[in-house]
**Student:** 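Got a structure for you, questions after.
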Amino acid sequence: MIRALLWILGAILLGGIVHLSTVLVMPQAATQDAYARLFPLTPVNAMVPLAAPTAENSIMPLMDPAFAAAVCRYDLSAGAIKLNAPLSQAYTSVTFYTRNSVAYYAIDDRAAGRRAIELDLMTPEQHAQVPEGEDVTAADRLIIESPTKTGLIVLRALAPEPGLMAMARRALANAQCRIGPVQ
Amino acid sequence: MRLLFGSCFTLILAAAIGLGATWLTITRGVAFGSLTIGAWTARPKSGSVDIDPYARATIARTGELPLGTGDGVAFFARTDDAGHNFDGRCTFTISGLTPAARYWTLTLYDPEGRLVANTIDRHGFTSAEIVRDIEGRFTIAVAPRARPGNWLPTGGIERYILVWRLYDTPIGVATRTAKEAPMPAIARKACS
């Protein structure tokens, strides 16, 4: 009897280890995460508009249908990324995701405070190589450090009414995401 | 022989317990750091690097991109205030106050996060298009058949979820109580 209980106790402990390790491995093992879904639809280091979600077809689950969205799938191995996103009339935001869909930075139009959101995205190593001095301060550009070499930049513009969707899409069409040196 | 039988039994039971617990937690969700107000639940940390391992696993499985903390916060509801599951064949009303936010959107999805087909091609409302009374209050009827005022069609599906997204809002990781974030009430009306 006691022996059987010991076996069961061992199974519960081992089960706990199995549970914790599968939860931790899941983000690396997932084959249908957001990055994998966007991979065939997006060229690297370029901003492309995403198709609006419909009842029949949605690139990702839980997309907000009131927003126009564009994605830049980035790879920082060739250099830092320059992002320039003009603001739409209503509400615009930029969110940065790691390769595993962790949102590590997000900023909206009001926080950006100008007529366009301008950011430099780089790895911590590339950031360390940026020469410090007056130039950087004068440029007054926001520098974001990416925890991973690859990831996603998602630009969203709100259409407060369905009739304004074309306006939101036009605003996103002018957004740029490209490799460029930091001045 | 006994040892072999015992260890086989242990390993099988361990795999069942471990994988079963993983499946349950990532499909149902675990309430680590979640903020519940009425029928609405948000997980503000899911939009930051402080996201817990369970939410990370869930997001990897579903393929969604969570709303970033600097962008907004998303509240999910699966039941009304009394705990009745949403049923697309019934009428549910949503009314009352919304927390401070520059914009909000309300969207209806099926349990897998897809939009639901309906005759008027409406999947939700934004704060700019909702019809309010003279005191600024609003009522949204989530119902299978057309209603006057703010009608959100269910398409007649059995189960659905509602997502209330607040954009540019002070609601977030530091929010604790319903006083800071008054969320609209949800009530079940007639079922057809």
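Quick note on labels: first sequence line is chain A, next is B, and so on, each numbered from 1.
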**Student:** Taking side chain as everything from C-beta outward and backbone as N, CA, C, O, which of these in B/Y103 sits under 4.5 Å from a heavy atom of chain A? Side chain, backbone, both or neither.
**Tutor:** side chain

**Student:** Measure distances from A/L20 to the heavy atoms of chain B and classify the residue's part below 4.5 Å as side chain, backbone, both or neither.
**Tutor:** side chain

**Student:** Out of B/D121, B/T62, B/D50, return the one with the most heavy atom pairs under 4.5 angstrom to chain A.
**Tutor:** B/T62

**Student:** Check whether B/L3 gets within reach of chain A through its side chain, its backbone, both or neither, counting any heavy atom under 4.5 Å.
**Tutor:** both

**Student:** About how many Å separate CZ of B/F86 and OG1 of B/T79, when rounded to the nearest 0.5 Å?
**Tutor:** 6.5 Å

**Student:** Only one of B/R147, B/R188, B/K189 passes side-chain hydrogen bond (donor to acceptor under 3.5 Å, both in side chains) with B/T91; say which it is.
**Tutor:** B/R147

**Student:** Do B/P153 and B/R122 come close enough that some side-chain heavy atom pair is under 4.5 Å?
**Tutor:** yes

**Student:** Go through A/F96, A/Y105, A/Y91 and name the one with the most non-hydrogen pairs under 4.5 angstrom from chain B.
**Tutor:** A/Y91

**Student:** Is B/I161 in contact with chain A via its backbone, its side chain, both, or neither, using a 4.5 Å heavy-atom distance?
**Tutor:** side chain

**Student:** For chain B, which candidate among A/L6, A/L158, A/L24, A/N100 shows the most heavy-atom pairs at distances under 4.5 Å?
**Tutor:** A/L158

**Student:** For A/V102, is it the side chain, the backbone, both or neither that has a heavy atom under 4.5 Å from a heavy atom of chain B?
**Tutor:** side chain

**Student:** Do any N or O atoms from the side chain of A/T92 and from the backbone of A/L87 form a donor-acceptor pair under 3.5 angstrom?
**Tutor:** no

**Student:** For A/Y104, is it the side chain, the backbone, both, or neither that has a heavy atom closer than 4.5 Å to a heavy atom of chain B?
**Tutor:** both

**Student:** Under a 4.5 Å heavy-atom cutoff, which of B/T126, B/T58, B/T22 has the most pairs with chain A?
**Tutor:** B/T22

**Student:** Quick one: does B/N150's side chain have a donor or acceptor within less than 3.5 Å of a partner on B/V131's backbone?
**Tutor:** yes

**Student:** May I ask you to name which of B/A128, B/A15, B/A57 has the most heavy-atom pairs under 4.5 Å with chain A?
**Tutor:** B/A57

**Student:** CG/A/N45 to CZ/A/R178 distance, rounded to the nearest 0.5 angstrom?
**Tutor:** 11.5 Å

**Student:** Which bit of A/L13 is near chain B, if near means a heavy-atom gap under 4.5 Å: side chain, backbone, both or neither?
**Tutor:** neither

**Student:** Between B/E129, B/R102, B/R56, which has the largest tally of heavy atom pairs under 4.5 Å with chain A?
**Tutor:** B/R102

**Student:** Would you say the side chain of A/C72 lies within less than 4.5 Å of the side chain of A/L83, judging by non-hydrogen atoms?
**Tutor:** no

**Student:** Let me know if A/V25 has heavy atoms under 4.5 Å from chain B in its side chain, its backbone, both or neither.
**Tutor:** neither

**Student:** Ignoring hydrogens and angles, tell me if any N or O in the side chain of B/D81 forms a donor-acceptor pair with the backbone of B/I186 under 3.5 Å.
**Tutor:** yes

**Student:** Any idea how B/W104 and B/W164 line up, ring-wise: parallel (<30°), tilted (30 to 60°), or perpendicular (>60°)?
**Tutor:** tilted

**Student:** Looking at A/D108 and A/R110, is any side-chain nitrogen of the basic one under 4.0 Å from a carboxylate oxygen of the acidic one?
**Tutor:** no

**Student:** Taking side chain as everything from C-beta outward and backbone as N, CA, C, O, which of these in B/E64 sits under 4.5 Å from a heavy atom of chain A? Side chain, backbone, both or neither.
**Tutor:** both

**Student:** Please round to the nearest 0.5 Å and tell me the distance separating atom OG1 of A/T123 and atom CG of A/L76.
**Tutor:** 6.0 Å

**Student:** What residues of residues 159-167 of chain A sit under 4.5 Å from chain B when you count only heavy atoms?
**Tutor:** A/A159, A/P160, A/E161, A/P162

**Student:** At a heavy-atom separation under 4.5 Å, does A/T54 approach chain B through its side chain, its backbone, both, or neither?
**Tutor:** backbone

**Student:** Is it the case that the side chains of A/D33 and A/S101 hold a donor-acceptor pair, with the cut-off being a distance below 3.5 Å and no angle test?
**Tutor:** no

**Student:** Quick check on the interface: out of A/A90, A/P147, A/A111, A/A36, who has the most heavy-atom pairs with chain B under 4.5 Å?
**Tutor:** A/A90

**Student:** Based on non-hydrogen pairs under 4.5 Å, which of B/L13, B/I59, B/L65 is most in contact with chain A?
**Tutor:** B/L65

**Student:** Heavy-atom pairs under 4.5 Å with chain B: which of A/V23, A/D64, A/T95 has the most?
**Tutor:** A/D64

**Student:** On the 0 to 90° scale, with breaks at 30° and 60°, tag the B/Y167-A/F67 ring pair as parallel, tilted or perpendicular.
**Tutor:** tilted

**Student:** What's the separation between atom CD1 in B/I37 and atom CG in B/L35, rounded to the nearest 0.5 Å?
**Tutor:** 4.0 Å

**Student:** Hey, could you give me the CG/NE2 distance between B/N118 and B/H123, rounded to the nearest 0.5 Å?
**Tutor:** 5.5 Å

**Student:** Check B/R43 with B/D52, please: is the shortest side-chain N to carboxylate O separation under 4.0 Å?
**Tutor:** yes

**Student:** Do you know which of B/I12, B/I17, B/I51 has the most heavy-atom pairs under 4.5 Å to chain A?
**Tutor:** B/I17

**Student:** Examine whether an atom of B/V163 lies under 4.5 Å from a heavy atom of chain A, and if so say whether it belongs to the side chain, the backbone or both; otherwise answer neither.
**Tutor:** side chain

**Student:** Between chain B and each of A/D109, A/L152, A/T98, A/I12, count heavy-atom pairs under 4.5 Å; write down the option with the most.
**Tutor:** A/D109

**Student:** Measure up the B/F9 and B/F5 rings against each other and bin them: parallel (under 30°), tilted (30 to 60°), perpendicular (over 60°).
**Tutor:** parallel

